[in-house]
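For reference, the structure discussed in these notes is given below.
Letters A, B, ... are given to chains in the order of the sequence lines, protein chains preceding strands, and every chain is numbered from 1.
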2 protein chains.
Amino acid sequence: MSNKKLYRGSLSTIILKLLGDNGRMYGYEITQRVKELTKGELKITEGALYPSLHKLEAEGHLQVEFEQVNNRMRKYYSLTEDGTKEVVNKLLEMEMFLQTMQGLLQPPLSSTTEFIP
Amino acid sequence: MSNKKLYRGSLSTIILKLLGDNGRMYGYEITQRVKELTKGELKITEGALYPSLHKLEAEGHLQVEFEQVNNRMRKYYSLTEDGTKEVVNKLLEMEMFLQTMQGLLQPPLSSTTEFIP
DNA sequence: TGCAATACCTAAAAACATTAGGTATATTAC
DNA sequence: GTAATATACCTAATGTTTTTAGGTATTGCA
């Protein structure tokens, strides 16, 4: 990911979610889709993406199909049965995290209870 | 942090925000406060906290005061002028991140536009 | 013809957290 | 009274994930 370092740890969740939504995707496609969806906010670097895909595959969450398109090879990834369960876990985990974070970082009471007539 | 690995990268933001809200805190206090505020969801480990505090201090965001309480030393941290600016940046960055993440991971259109009569 | 885009990949380094220790005092429980 | 828990600081080795910085090769556009 090129942007800030906050995205650390969330890459596999993003990959799994996208594959859950789209059925199957190839690596390069994932980088482009994320750029689109986040309006350029988040740019996944290939140095992070490919190792992450390989790890998810090794863990049994993803399966691979090769396809030749325009004389260029594409490696399509899709969720395994196990991967489908993993998406649910990861998304719940992420929701929990986002909530916890919002709770922690929202303005303190002293400033939210101010009365401005 | 004990929980999952999602918190990676957000520790310094949490520290700065807490110090912004509370004026000054010592390390151990920070771990306890975070545990309270997140109802046990997030447990900052000391192995993560202390190096992070030292780094923020080295970067000029925090300043230190020692105090002896009950025969035990406390190292109180507070924001420097520079640190006060940094809190704002970090919080904006984090808000951006949370929004981006929510946008990315919310249910896809195909499932939200379903019509159930 | 040369550069950007598409498409895959890896290895070294950096960043950050976990794990697992260490020191020391105070308080609570048995 | 003594052992465990809480308070309070710290570090070093390890592990995970990301960045940085390359590499290969084809296609399409200027």
Rounding to an integer number of Å, can you tell me how far [X] [atom1] sits from [N] [atom2]?
| X | N | atom1 | atom2 | result |
| --- | --- | --- | --- | --- |
| B/L6 | C/dC16 | CG | P | 16 Å |
| A/R8 | D/dT17 | CZ | P | 10 Å |
| B/I15 | C/dC16 | CD1 | P | 11 Å |
| A/K55 | D/dT18 | NZ | C1' | 13 Å |
| B/K43 | C/dT19 | NZ | P | 12 Å |
| B/I44 | C/dT19 | CD1 | C1' | 17 Å |
| B/Y7 | D/dT17 | OH | C1' | 17 Å |
| B/M25 | D/dA8 | CE | P | 12 Å |

Give the B/S/- string for nucleotides 3-12 of chain C, one per nucleotide from 5' to 3', where a protein heavy atom under 4.0 Å of the base yields B, of only the sugar-phosphate yields S, and otherwise -. --BBSBBB--

Run B/L105 and A/M94 through side chain to side chain contact (heavy atoms under 4.5 Å, CB included) and show every step you take. CA-CA 9 Å; B/L105 301 182; A/M94 178 60 78; 3.3 Å; yes

Would you say that B/R24 contacts B/E67 through its side chain, given a criterion of any heavy-atom pair below 4.5 Å between the two side chains? yes

Test item: B/I15 and B/I44 side chains (from C-beta on) under 4.5 Å apart, heavy atoms: no

According to salt bridge (charged side-chain N to carboxylate O under 4.0 Å, His left out), does anything in residues 75-87 of chain B pair up with another residue at least two apart or in another chain? List the pairs. none

A/L56 side, atom CG; A/H54 side, atom NE2 - distance, nearest 0.5 Å: 10.5 Å

For A/K55, side-chain contact (heavy atoms from CB on, under 4.5 Å) partners two or more places apart: A/E59

